[in-house]
Amino acid sequence: MRAHLITYGCQMNEYDTHLVQSQLVSFGADIVESVDEADFVLINTCAVRGKPVEKVRSVLGKLRKAKEHRPLVVGMMGCLAQLEEGQQMARKFGVDVLLGPGSLLDIGKALETNDRFWGLAFKDELHDHIPPPPTGKLQAHLTIMRGCDHHCTYCIVPTTRGPQVSRHPDDILRELDTLLAAGVQEVTLLGQNVNAYGVDGGARLGGYPSFANLLRLVGQSGVRRIKFTTSHPMNFTEDVAATMAETPAVCEYVHLPVQSGSSRVLRRMAREYTREKYLAHIADIRKHMPDVVLATDIIVGFPGETEEDFQETLSLYDEVGYDSAYMFAYSARPGTPSYKHFDDLPREVKTERLSRLIAKQKDWSARKNAGKIGTVQEVLLRGDAHDANFLEGHTRGNHPTVVPKVMGITGAGIYQVRINHATPHVMYGKLLDAQGNELPELPKHNPEAAALSAPLAMA
Ligand code: SAH
Ligand code: SF4
Ligand code: F3S
């Protein structure tokens with residue numbers, strides 16, 4: 001079998017694709033890079049906003065056409081597959097295999113069945129399965145929990161992924177060992193609400209550690225860098241901030257989605273905190289980590305959001321000063337409470353507010369990045385940048401960073417870099433030796449000149 005996998009959605013979906021891919025490989029499948037080469041195409045879907053849903057619809061349409069010309073098995077997995085909306089789509093486009101986020105390991109059974117196979121149960125075995133790390137990668141994701149016990153009124157995730165289930169700490173640490181043995185240096189712990197790790201019923205009965213204690217355990221493993229996402233402000237205790245500060249491998253980076261700066265909107269979103277409470281969390285975090293890098297998620301144009309509410313989001317931005325943000329226009333999702341109860345705002349209002357917010361974030365990113373000029377940052381380099389005279393990577397605070405190549409460094413590893421230039425999106429710097437001196441750059445290779453001289457060289 002030649003399988004091609006397509007992934008939409010968040011990092012948890014990327015992790016799940018990886019998990020299913022490793023299952024397929026264990027059945028002897030070859031993983032191919034394009035639909036044309038494949039006889040099995042599996043789409044991992046997202047349902048959080050209208051856009052990803054529409055993307056899946058259009059891909060399924062194309063695949064149905066392809067099926068008219070050649071034998072092709074089409075599969076759909078992930079969040080949209082769990083919803084009636086996705087199942088209708090699957091029927092309409094003749095999808096053969098459908099797997100919800102809790103049934104991914106049914107992939108084997110699905111492929112043995114000659115008939116249409118739909119798996120939608122939430123099963124526990126997922127938690128025992130360890131996908132091998134992607135080869136040659138220095139960074140890896142590690143899912144520590146599934147599902148979500150919050151009920152934010154705009155959000156479909158609790159419906160698609162079910163209630164929160166924490167993974168057993170031994171499973172997490174075993175998977176971490178596999179990653180470390182494969183050379184991984186940065187691990188991102190994943191969950192919809194990682195700070196609530198260990199508080200679900202089964203975890204409590206099993207005596208699982210708190211999230212802060214899990215961070216300590218992961219910190220003792222020898223991994224160089226630890227990040228985690230996402231945090232819900234309600235569950236972000238000061239203990240976590242203190243543990244982050246005390247555990248050298250944990251990066252000084254916190255992604256703490258606020259969603260809105262208006263307490264009135266937050267109440268209607270059922271976020272369970274006020275603007276003041278959120279700001280108190282930020283103050284706690286800064287008390288323990290004065291140089292912390294902060295990121296957030298924002299929804300603009302939630303039903304009933306007034307211009308005054310939106311102004312409160314803008315002013316919260318100026319009070320916090322985020323390094324980066326994921327900003328979204330509200331998208332009404334069938335099946336969520338806000339879909340039923342509240343009227344949507346006109347699209348123009350939402351897009352206009354979104355563009356004002358994006359402009360503000362760009363200002364802050366520019367300011368924050370410029371503030372790093374002259375500092376030394378620890379950068380995990382992945383390899384060549386777009387221009388092959390340079391290497392690219394990211395800091396402990398997740399800032400994309402670019403450096404000119406030097407002798408002896410190929411680009412895979414963690415290095416010290418002095419920042420000397422910054423744009424809102426990228427920081428530039430020079431690689432340093434152990435004494436903090438800049439390493440001599442390699443002479444620049446000019447691809448245009450090389451292309452011109454190539455025919456001569458051949459002659
Ligand atoms: N569990 C994470 C978020 C998961 S969804 C958390 O609570 O932080 C990722 C982001 O998508 C959310 O933070 C929110 O900003 C956005 N989002 C979720 N539902 C949305 C909707 N209906 N419309 C627009 N954005 C949405
Ligand atoms: Fe959705 Fe809220 Fe759960 Fe995040 S915490 S996944 S936004 S319901
Ligand atoms: Fe999308 Fe599911 Fe992630 S809805 S954002 S893929 S949890």
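Sequence positions, counted from 1, serve as the residue numbers for this chain. Remember, it's 1-based here, ligands and their atoms both numbered in the order they're listed.
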Under-2.8 Å neighbours of atom 2 (Fe) of ligand 3, protein N/O/S atoms only: 1
Contact partition for C148 relative to ligand 1, non-hydrogen atoms under 4.0 Å: neither
Ring centers of Y154, Y339 separated by less than 6.0 Å: no
Sidechain N-carboxylate O distance under 4.0 Å for R356, E307: yes
the protein heavy atom lying closest to atom 19 (N) of ligand 1 turns out to be Y154 CD1, 3.3 Å
Does Q192 reach ligand 3, in the sense of a heavy atom lying below 4.0 Å from it? yes
Has K137 got more than 12 heavy atoms of other residues, nucleotides or ligands less than 6.0 Å from its NZ? no
May I ask you to identify the nearest protein heavy atom to atom 3 (Fe) of ligand 2, giving residue, atom name and distance to one decimal place in Å? C148 SG, 2.3 Å
Note: E352-R347 ion pair, threshold 4.0 Å (strictly below): no
Location of contacts on F328 toward ligand 1, heavy atoms closer than 4.0 Å: side chain
Measure up the F236 and F228 rings against each other and bin them: parallel (under 30°), tilted (30 to 60°), perpendicular (over 60°). tilted
The atoms of ligand 1 lying under 4.0 Å from a heavy atom of V48, numbered in the order shown, are 5 (S), 18 (C), 19 (N), 20 (C), 21 (C), 22 (N)
With a cut-off of 4.0 Å, which atoms of ligand 2 are near a heavy atom of R271? 2 (Fe), 7 (S)
Taking E238 first and then R286, would you say they form a salt bridge - that is, a charged N and a carboxylate O separated by under 4.0 Å? no
Should D96 and R116 count as an ion pair when the cut-off is N to O under 4.0 Å? no
With heavy-atom distances below 4.0 Å as the criterion, list the atoms of ligand 2 near C152. 2 (Fe), 5 (S), 7 (S), 8 (S)
Classify the contact between S331 and ligand 1 as side chain, backbone, both or neither, using a heavy-atom distance cut-off of under 4.0 Å. both
the protein heavy atom lying closest to atom 4 (C) of ligand 1 turns out to be Q192 OE1, 3.2 Å
Can you report which non-hydrogen protein atom sits closest to atom 7 (S) of ligand 2, along with the distance? Y154 OH, 3.4 Å
Are any of the heavy atoms in R161 under 4.0 Å away from ligand 2? no
Of the protein's non-hydrogen atoms, which lies at the shortest distance from atom 16 (C) of ligand 1, and what is that distance? R49 NH1, 3.2 Å
Given side chain to side chain contact (heavy atoms under 4.5 Å, CB included), test T230 with H232 step by step and report yes or no. CA-CA 7 Å; T230 309; H232 189 295; over 6 Å; no
Would you call K360 and D318 a salt bridge, using N to O less than 4.0 angstrom? yes
Taking OH in Y326 as the centre, count heavy atoms belonging to other residues, nucleotides or ligands within less than 6.0 Å. Is the count above 12? no
Proximity flag A329 to ligand 1, non-hydrogen atoms under 4.0 Å: yes
Is any side-chain N of the basic residue among R174 and D177 closer than 4.0 Å to the acidic one's carboxylate O? no
Looking only at distance, does Q259 have an N or O less than 3.5 Å from an N or O of ligand 1? yes
D16/R146 ion pair, N-O < 4.0 Å: yes
Out of Q192, H232, Q259, M269, who is nearest to atom 6 (S) of ligand 2 when you count heavy atoms only? Q192
If you count the atoms of ligand 2 from 1 in the order shown, which ones are under 4.0 Å from a heavy atom of P158? 8 (S)
Has I299 got any heavy atom lying under 4.0 angstrom from an atom of ligand 1? yes
In terms of side-chain geometry, is the basic nitrogen of E378 or R225 positioned less than 4.0 Å from the acidic oxygen of its partner? yes
Give me the residue, atom name and distance of the protein heavy atom closest to atom 10 (C) of ligand 1. D297 OD2, 3.4 Å
Among H150, R333, R271, the residue with a heavy atom nearest to atom 7 (O) of ligand 1 is R271
Below the 3.5 angstrom mark, is there an N/O of Y330, backbone or side chain, next to an N/O of ligand 1? no
Just jot down the ligand 2 atoms closer than 4.0 angstrom to any heavy atom of V157, in number order. 6 (S)
Quick test of your reading of the model: are E186 and K227 salt-bridged, counting only N-O distances below 4.0 Å? yes
Would you call E175 and R167 a salt bridge, using N to O less than 4.0 angstrom? yes
Contact (N/O only, under 3.5 Å) between S231 and ligand 1: no
Cationic N near anionic O, under 4.0 Å, E37 to R2: no
For F93, does the six-membered ring have the charged nitrogen or CZ of R57 within the cation-pi criterion, i.e. under 6.0 angstrom from the centroid and within 45° of the normal? no
Please list the nearest protein heavy atom to atom 1 (Fe) of ligand 2 with its residue and the distance rounded to 0.1 Å. C155 SG, 2.3 Å
salt_bridge(E272, K277) N-O dist < 4.0 Å: no
